[in-house]
Number of protein chains: 2
Amino acid sequence: MNQSNILENRFPGRRAALKREILEQALYCFNELGVEATTIDAIKARCDTSVGAIYHHFGNKEGILSALFFAAQDDQRHRLEQELAGANSLREAVYSIIWSYLDWVVDNPEWARFLYQARSPVAKGPFQEELTNRNIQNYRKLKERLISFGNDDIKIVQPFEMLFSLIIGPSENYCRAWLSGRVKTSPQEYRKEFAESVWRSLQS
Amino acid sequence: MNQSNILENRFPGRRAALKREILEQALYCFNELGVEATTIDAIKARCDTSVGAIYHHFGNKEGILSALFFAAQDDQRHRLEQELAGANSLREAVYSIIWSYLDWVVDNPEWARFLYQARSPVAKGPFQEELTNRNIQNYRKLKERLISFGNDDIKIVQPFEMLFSLIIGPSENYCRAWLSGRVKTSPQEYRKEFAESVWRSLQS
DNA sequence: TCTGTTGAAGAATATTATTCTGTTTTGTTT
DNA sequence: AAACAAAACAGAATAATATTCTTCAACAGA
């Protein structure tokens, strides 16, 4: 049932049991029915609790959505940082970014699906600022890490703004297609090809 | 006010005037407030009409959303087909796909923004099947067009499923970033770089 | 002009999100 | 252990919102 321990990691302990249960069922509902079509009542029914409990823990629907979103995003980023820590060159860093992304999506398809569809609602909602700040932070850290390698060995595509899009764009697009069912082959099968293609695209 | 004539093209004539007006204001609301936070009342207020008129034209909120979505998608695809028609080699085709995509987004930023955020809701809603069919069709047509060139001159990345992601992924990712404000430079400035990078990534 | 059809309005209804009040459980202090 | 405070939970009451329904007006074709 539990596809992973993202929730356990983030909301540990006995007292948070219902909180985790609500989130898990909400995740299911959002993915199955869509964010807007998911009602508090539907979530309530699936975990046999009360509206009072739900609102006590999350305040409102946006609160549930955001809690799920940030939990997923943090887990994904954590995986990225772990992989990236082991990289010793720009080339290895690029491979780490792509591989950790693909692996995470394949390991957590439900969470990944949710992440794609919840970004816009969260970006518009009351947690707008928190999301923006996190994105700026993450982006900056990644940029510094990449710059730290220098690019003596090969000449890298110039406008730095483009770099991240070139690296993650293809994988992201493929993962979306895979999660929506348009393509059948697991992203992991193309790990190597994605990384190599991207690396080629970077040398100018 | 009217960023383009997408609505005029799709719903021409005097009798569809209110229909277009409703759609235009709805587009504004969806982008400004988000899909879920946009109320029928807010749309009604912005075009000074009645709920009756709105429901007469679109049935429900999903109906407005879908009408906008398909209008935008068709316009985008139309532009792609025009550009692609002039291509005489695989290389030119790849350039056409990327350039028409970037140009369309820059020409229609509001529509592009909407397209990104409305995909999930539409994919879950009552027009689910229509969307799927359109996607399958578009994908197939594009695939056939690309295959038609053969690949005698250069060896192209093997798994065909990956091809589309490699081509459009970087541009898509960058356009999202640009529309969300994370990067400032217009995608059009990097037209050449995106196309060249992608083309390098394809040769294996 | 007549007549059926489409466009439009707004009140009435149904659905859903949210608040509020009270009760129980849990943890902590004495 | 008893008393207290804080957090967890339940469910009725309320508010916000989507949708339906009934009515009237504009319009095209006979």
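In what follows, chains carry the letters A, B, and so on, assigned in the order in which the sequence lines appear, proteins first and then strands, with residues in each chain numbered from 1.
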Non-neighbouring partners of [X] that pass side-chain contact (heavy atoms from CB on, under 4.5 Å), sequence neighbours left out:
X: B:N173; value: A:S165, A:I168, A:E172
X: B:R113; value: B:N31, B:E110, B:L179
X: A:A26; value: A:F30, A:I43, A:I64, A:L68

Practice problem: State, to 0.1 Å, how close B:K184 and B:W178 come at their nearest heavy-atom pair, and which atoms those are. | Solution: O-NE1, 3.5 Å
Self-check item: Where B:L65 and B:F114 come nearest, the two heavy atoms and their spacing
Solution: O-CZ, 3.7 Å
Self-check item: Positions of residues 49-63 of chain B (non-hydrogen atom under 4.0 Å from DNA chain C), listed by number
Solution: B:T49, B:S50, B:V51, B:G52, B:A53, B:H56, B:H57
Self-check item: Name of the residue among B:D75, B:I6, B:V105 meeting side chain to side chain contact (heavy atoms under 4.5 Å, CB included) with B:W111
Solution: B:I6
Practice problem: Find out whether B:L202 and B:L90 are in side-chain contact, i.e. whether some heavy atom of one side chain is under 4.5 Å from a heavy atom of the other. | Solution: no
Could [X] and [Y] be called an ion pair, given the rule that one side-chain N must be under 4.0 Å from one carboxylate O?
X: A:E83; Y: A:R79; value: no
X: A:R77; Y: A:E81; value: yes
X: A:E24; Y: A:R20; value: no

Self-check item: Nucleotides bounding contact with chain A, strand DNA chain C, heavy-atom threshold 4.0 Å
Solution: C:dT16 to C:dG27
Quiz item: Could you give the start and end, 5' to 3', of the contact zone on DNA chain D for chain A, using atoms under 4.0 Å from its heavy atoms?
Solution: D:dA7 to D:dA12
Quiz item: Taking only residues at least two apart or on different chains, which pairs with a member in residues 66-100 of chain A satisfy ring-ring contact (aromatic ring centres under 6.0 Å, His included)?
Solution: A:Y95-A:W99
Quiz item: For residues 119-130 of chain A, which residue pairs qualify under salt bridge (Lys or Arg N to Asp or Glu O under 4.0 Å), counting only residues two or more places apart or in two chains?
Solution: A:E130-A:R134
Quiz prompt | Pairs touching residues 49-64 of chain A that satisfy side chain to side chain donor-acceptor pair (under 3.5 Å), sequence neighbours left out | solution = A:K61-B:E36
Exercise. For DNA chain D, find the residues of residues 9-21 of chain B with a heavy-atom distance under 4.0 Å and give them by number; none if there aren't any.
Key: B:R14, B:R15
Self-check item: Axis bend over the full length of the helix from C:dT1-D:dA30 to C:dT30-D:dA1, computed from five pairs that close each end, to 10 degrees
Solution: 20°
Quiz item: Got a sec, which residues hit side chain to side chain donor-acceptor pair (under 3.5 Å) with B:D103, two or more places apart in sequence or on another chain?
Solution: B:Q188, B:R191
Quiz item: CG of A:N133: more than 12 outside heavy atoms within 6.0 angstrom?
Solution: yes
